[in-house]
2 protein chains.
Amino acid sequence: MPAEEPPVRPPTLSQVAARAGVSLKTASRALNGEPYVSGATEQRVRAAADELGYRLNGLARELRTGATSALVGLISGDLANPFYSAVASGVERELRRRGLLLVTVNNDENGELESSLVEALVERRVRALLVIPSGGGIVANSHNIPCVFIDRPPVGLVADSVLIDNAGGAHSAAEHLLARGHRRIALVADLVRTASQQARINGFSAAMRSAGNVDWEPYLRTDVHDAATAGDVVSELLALPEPPTALFTTNNRLTIGALRALRGRRFQPALVGFDDFELADVLGLTVISHDTTELGSMAARMAIERIGGYTGPPRTVVIPTTLIPRGSGER
Amino acid sequence: MPAEEPPVRPPTLSQVAARAGVSLKTASRALNGEPYVSGATEQRVRAAADELGYRLNGLARELRTGATSALVGLISGDLANPFYSAVASGVERELRRRGLLLVTVNNDENGELESSLVEALVERRVRALLVIPSGGGIVANSHNIPCVFIDRPPVGLVADSVLIDNAGGAHSAAEHLLARGHRRIALVADLVRTASQQARINGFSAAMRSAGNVDWEPYLRTDVHDAATAGDVVSELLALPEPPTALFTTNNRLTIGALRALRGRRFQPALVGFDDFELADVLGLTVISHDTTELGSMAARMAIERIGGYTGPPRTVVIPTTLIPRGSGER
DNA sequence: GTGAAAGCGCTAACAA
DNA sequence: TTGTTAGCGCTTTCAC
């Protein structure tokens, strides 16, 4: 049975200095490649560091140089959702180019947890915060650190945001279906408390109204939050006496649920889904597409500008959407 | 034009103490809920902290208490790949339960970059490192910090690992196809330099050999690394004078490429893909499935045990696979 | 109950 | 070119 080893502390700079027979500061200079160190001493210090397996202590350095870390936090839903992971991918790439590190945390779609995560990240002195709000609560940014909201604008404050053209995308989806003669178009939406879903519903609704199609409420289903439920909802819609001839689902999860419900049915209603995803092309699915990774990259760039000292007023960037016809929306 | 504001430093504990009219240590005690603080003092200190918008400086605390952070690093490929994001999701969930934070970095499938990322994370004093090796280089763990390898065992050292039953899964895929009478079975594989791909090829090969089917090399394609190339490779295979009647693709990306190439063709060879993914059910795709999220959770738990002081010998956990027949492998 | 002093590992400012 | 001193913001020790 292995003895309870005392946690062996990593070697420190002063140990390296002692071993190399120089002062602390000289060792520091040598290892950081600062000028005014003779080649010989630098060699000796480096050798000593290697022998000891020395690693710089970034915490101590950051504390000394300003108590601010190289970390940027991203608070989002579960990374298993491709939307969030695409955003994270864009964020990470952009940060890494600047030598910043990404800390990802899952809010579990829970506003309270989200607030405590903000606290945890702020305590760790992240240099910026990127948030895809859960919609369940308010993320207060009383912390004076740069904060960029993604996909959903913050509740109750003005701040940097990167949004998708939700209303525009949903509008074009409705127009697309209306132009093909559909009248009974069902709308399957996620939690309406989120601004993005609200905008998608509004955009859809506006297009329907413009077309003089006002009696579609019987085909409206909201607060559908997972694929399984979406499937059930679609089955239920298709079982109506006057079933819809077309469906619009307002995010990838719901679209996937709808696809499952449609599988193997004789009657295939037209289907347009918000969010593109892998294999949508193979499935011949018409979607409202947008560059999800760019959403993250853009947010990261905005945060980096703030970190760099930019102090202009909050900005909102809207990422456009494109309708990609692949068959399911044209039948 | 806004003046160049001096970076305003966040308030410190001693400022809080001064404002509350107590000593530094008393303020510390009050805010940390330690005993031996009178209720009145605690109230005063808390009030002062609120007024100043004080946040504890986690860096300073960690430096003082042991120079070790609450961070765990995950080095993987692009999170836009659902395999990696599923792993990350499992890791994050497990870490968060313990109050640890996940730092994710993308190795860009580049061994050299990977090594420098390890350095960067070690300097930040992460408490553990989880690595999905790129296969392009060796991750040296001379840092004496807990390290768990995921999906691919480390090159040249023995360490904690969580692997998928690659050989077994590939073996069962081949058996499945052989049992349905296929003889000309093509194998489309990713970079053979990775151990996981090697194991999948070996498993497949062993099953073929057991069945006395030894002349399948003409249908072997390796080092296919993206979906587009996989599609081209499949098209090329099907254009052979004696085209394969079945395909086995060794990861989700290649499977997707194959699906694209197969789309709209008159002749549909049987297809089994390694890795399950969303919508595979809708597509009627037979896959070798495994619990990817569990891969991450398990790795995180192993790392947490090491952080907790466990010093036993390195362990290897193998996550099982299941063949899920959905039609494409049975035709 | 409370406080003063020391020090975590490092770098900035100033000597030598 | 090198070394000394101080101190980042906090917790630990020990004294009051």
Between Arg44(A) and Leu56(B), which residue's closest nucleotide on DNA chain D lies nearer the 5′ terminus?
Arg44(A)
Please give, in whole Å, the distance from dC8(C) C1' to Asn57(A) CG?
9 Å
From CG of Leu59(B) across to P of dC10(D) the rounded distance in Å is 10 Å
Atom pairs, protein N/O to nucleotides 3-5 of chain C N/O, distance under 3.5 Å:
unit_1 : atom_1 : unit_2   : atom_2 : d
dG3(C) : OP2    : Ser23(B) : N      : 3.0
dG3(C) : OP2    : Ser23(B) : OG     : 3.3
dG3(C) : OP2    : Thr26(B) : OG1    : 2.4
dG3(C) : N7     : Arg29(B) : NH2    : 2.6
dG3(C) : O6     : Arg29(B) : NH1    : 3.4
dG3(C) : O6     : Arg29(B) : NH2    : 3.3

Taking atom types as modelled and ignoring hydrogens, do the side chains of Asn32(B) and Arg61(B) form a donor-acceptor contact shorter than 3.5 angstrom?
yes
Identify whether the distance between the nearest side-chain nitrogen and carboxylate oxygen of Glu305(B) and Arg315(B) falls below 4.0 Å.
yes
May I have the list of side-chain donor-acceptor pairs in residues 70-77 of chain B shorter than 3.5 Å, sequence neighbours left out?
none

Quick one: salt bridge (Lys or Arg N to Asp or Glu O under 4.0 Å) partners of Arg152(B), sequence neighbours excluded?
none
Spell out yes or no: do the side chain of Arg64(B) and the base of dG9(D) have one donor N/O and one acceptor N/O closer than 3.5 Å?
no
Spacing between Arg125(B) atom CZ and dG9(C) atom P, to the nearest angstrom
9 Å
Determine whether a donor-acceptor pair (N or O, by modelled atom type, separation under 3.5 Å) exists between the side chain of Glu42(B) and the backbone of Leu31(B).
no
Basic-acidic side-chain contact under 4.0 Å: Arg97(A), Glu92(A)
no
If an axis is fit to five pairs at each end of the helix from dG1(C)-dC16(D) to dA16(C)-dT1(D), what is the angle between the two, to the nearest 10°?
40°
All side chain to side chain donor-acceptor pair (under 3.5 Å) counterparts of Glu51(A), not counting sequence neighbours:
Arg19(A)
Could Arg55(A) and Glu119(B) be called an ion pair, given the rule that one side-chain N must be under 4.0 Å from one carboxylate O?
yes
Whole-Å distance between dA12(C) C1' and Leu13(A) CG?
14 Å
Atom OH of Tyr36(A) and atom C1' of dC14(C) are separated, to the nearest Å, by 15 Å
To the nearest Å, how far apart are Gln15(A) CD and dC8(C) P?
11 Å
Quick one: Leu63(A) CG to dG9(C) P, roughly how many Å, whole number?
12 Å
By side chain to side chain donor-acceptor pair (under 3.5 Å), which residues pair with Ser89(A), not counting sequence neighbours?
Asp78(B)
Would you say Tyr54(A) places a side-chain N or O within less than 4.0 Å of OP1 or OP2 belonging to dC10(C)?
yes
Round to a whole Å and report the spacing from CG of Leu31(A) to P of dT11(C).
9 Å
For dT11(D), take OP1 and OP2 only and decide whether either is under 4.0 Å from a side-chain N or O of Thr65(B).
no
